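For reference, the structure is listed below as structure tokens.
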Amino acid sequence: MEKIQVEICLGTTCFVMGSSHLQELIEIIPKRYNDKVEVSGKPCLGLCSQDCEYSQAPYVKVNDDVVSQATVEKVLKVIEGKIRNNEK
Amino acid sequence: MRNNNSQAVHLKKQILIKIIEAFFSDNYEKNTRLIPYQMRPKGSDVPYRCCIYKERAILKDRAIAELGFSIEEHDETVLLSEYAKKALEREKPEKNPLTVLDAACKGCVPSRIYVTDLCQGCVARPCQNVCKFGAISIVNGKSVIDGSKCKNCKQCMQVCPYNAIVKITVPCEDACPVGAIAKGENGRAKIDFDACISCGKCVSACPFGAVHEKSQLIDILKHMKNGEKVIALIAPSIVGQFPGNIYQLKSAIKKIGFYDVYEVAQGADVTTKKEACEFQERMEKNESFMTTSCCAGYNQLIKKHLNDIKPFVSNTLTPMAYIGQIVKQKEPNAKLVFISPCVAKRVEVAEDPNVDYLMNFEELGALFVACKIEILNCEEERFAFESSKQGRGFGVTTGVASAVRDASKNNDSINLTCINGLNRDTIKQLKKWAKDGKCNEGNLVEVMCCEGGCVGGNATINSVKIASKAINEFKTKSIDINDIEICQESN
């Protein structure tokens with residue numbers, strides 16, 4: 001089964017608007033999901049320069065899905081959904 | 001509870017960014033006036049308040065605070081564009097560093113002990129029995145508290161077998177360690193500035209984001225625009241608050257328009273060495289204990305509420321004061337801006353002869369966003385003076401006291417103890433030490449107003465845990481305090 005890829009945007013905008021706190025995920029995810037999910041912090045993903053700008057930052061990508069105004073809880077929920085789908 | 005990552009904080013940052021964008025635009029005043037309309041355009045969702053008009057009114061108030069004015073004295077008929085203009089014309093920032101947004105304040109129900117519906121009207125009635133003040137009676141088979149008799153002792157809460165009795169809190173009142181914020185006659189929070197120590201705990205505690213710092217951003221940007229030299233002095237707690245390393249951060253700050261950047265950790269090295277000497281002298285004179293003196297919130301606590309502890313407080317100046325002396329001597333015409341994790345330093349800056357302004361981490365972050373600066377893409381630029389690992393550790397609890405210990409020649413005789421965050425209990429503790437003239441817990445007492453140290457300040461961007469880790473990593477790459485010569489010109 002393919003690993004779920006989680007990319008946390010650590011560009012300046014996302015970091016200032018809250019992704020600083022999402023670095024917590026880099027510790028939580030491997031502990032909780034072992035090798036099912038891969039998580040990494042990334043330089044600016046370029047999402048803030050598109051239509052929704054900084055008011056929707058911080059952004060996280062879970063595979064191809066963009067999570068806006070991301071929080072630790074929100075991202076974990078999306079991951080859980082994907083794992084359930086994969087297991088079907 | 002402290003929360004520097006809430007929706008309310010997010011909103012404050014958005015407005016800061018918009019004000020900066022307006023400042024750099026071709027029509028600063030008009031674009032400032034339009035901020036509430038841009039953020040809540042016609043027909044948009046109303047996420048928080050009763051209607052779009054109230055949303056906009058509160059956004060306007062937030063913008064006024066971020067332009068540096070008090071909402072308490074604000075005249076509703078004055079347009080935001082007029083405030084923008086006044087901010088630009090102002091010679092000096094206003095005095096009190098905080099302001100309460102009347103319209104944003106929920107007017108929480110008064111703090112009290114309350115019996116909820118969970119009360120089973122039991123036969124034992126432990127609540128009634130335990131109450132020393134006769135405040136509890138039984139009405140329709142259930143306990144009721146008479147507010148005029150209740151002394152908030154919470155005994156009834158503790159004995160109720162159903163956990164049916166709760167304390168209703170007002171978050172700002174609860175967070176304030178000195179009772180300086182309370183509901184006024186209209187039910188809205190009001191700050192008593194004679195008692196306020198500017199610790200910023202109410203700012204972090206209010207879930208409605210109704211307490212604001214009054215920003216000096218426009219004042220600072222004005223000097224830059226006029227082509228004056230503006231120099232940033234970055235607090236040690238800045239490490240971990242932004243992406244990239246501190247050397248990239250230095251060039252990123254210069255890209256905004258700052259002429260140069262100094263580490264306040266350099267000043268912390270002076271503080272450390274001087275405080276270590278002072279400690280030895282005091283112990284030789286058989287004094288029982290000494291407390292550190294670099295926390296601005298603590299210094300105001302001493303001034304306003306805890307005069308008795310003064311004889312035990314170190315006379316050494318703060319890291320900011322020393323770096324201010326050093327930099328002003330080199331650049332007498334420059335404007336110095338302290339880049340700060342908290343609001344308390346605003347008061348220290350106002351009294352400091354060398355440092356001119358304060359910009360907090362949120363405001364610096366907003367500047368990076370508005371100026372579209374990618375810190376991770378910035379080049380690394382070293383400092384002329386590389387600070388010690390001890391100086392760079394000042395922003396984390398125990399950092400100051402252990403620095404002083406490390407710099408002392410005779411460090412076996414030092415016994416550290418820390419006040420990790422001021423609250424009603426730790427203030428009581430300090431009062432006791434002052435009254436008794438001794439502290440059994442240790443002879444070198446570090447006092448930090450915020451839990452976790454400066455990394456727990458109200459204007460920080462990161463969590464205490466992640467930021468502390470980043471600082472500790474940075475420390476391992478830095479030199480020891482005993483291996484550097486300190487500038488002796490700073491006295």
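All heavy atoms count here, side chains included; hydrogens, waters and symmetry mates do not. From a predicted model like this one, the values you see are computed outputs, not experimental measurements.
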- prompt: Any side-chain heavy atom of B:R40 within less than 4.5 Å of one from B:L59?
  reply: yes
task: Check each atom of B:K12 against the heavy atoms of chain A and say whether the ones under 4.5 Å are side chain, backbone, both or neither.
output: neither
- prompt: Does any heavy atom of chain A fall under 4.5 Å from the side chain of B:K372, the backbone, both, or neither of them?
  reply: neither
- prompt: Do the side chains of B:S6 and B:P207 get nearer than 4.5 Å, heavy atoms only?
  reply: no
- request: May I ask you to name which of B:G365, B:P243, B:A467 has the most heavy-atom pairs under 4.5 Å with chain A?
  value: B:P243
message: As a quick check of understanding, evaluate salt bridge (charged side-chain N to carboxylate O under 4.0 Å, His left out) for B:K254 and B:E381, giving each step before the final call.
response: CA-CA 10 Å; B:K254 285 174 77 171; B:E381 191 180 330; 2.8 Å; yes
field: ring pair (Phe, Tyr, Trp, His ring centres under 6.0 Å) evaluation trace for B:F368 with B:F242
entry: CA-CA 10 Å; B:F368 285 138; B:F242 293 97; 5.4 Å; yes
field: Interface moiety of B:L364 toward chain A, non-hydrogen atoms closer than 4.5 Å
entry: neither
query: Side-chain contact, heavy-atom cut-off 4.5 Å: B:I17 with A:M17?
result: yes
query: Which bit of B:I466 is near chain A, if near means a heavy-atom gap under 4.5 Å: side chain, backbone, both or neither?
result: side chain
- prompt: Are B:K13 and B:E362 within salt-bridge range, i.e. N to O under 4.0 Å?
  reply: no
field: Residue selection (most heavy-atom pairs with chain A, distance under 4.5 Å) from B:N4, B:N5, B:L376
entry: B:N5
statement: Bottom line for B:A370: the part with an atom under 4.5 Å from chain A's heavy atoms is neither
message: Using heavy-atom distances under 4.5 Å, tell me whether B:N377 contacts chain A through its side chain, its backbone, both, or neither.
response: neither
message: If I measure from the heavy atoms of chain A, does B:Q7 come under 4.5 Å with its side chain, its backbone, both, or neither?
response: side chain
- request: Report the option among A:Q69, A:E24, A:Q23, A:H21 that has the most heavy-atom pairs separated by less than 4.5 Å from atoms of chain B.
  value: A:H21
query: Just checking, is any N or O donor in the side chain of B:E21 or B:N31 under 3.5 Å from an acceptor N or O on the other one?
result: no
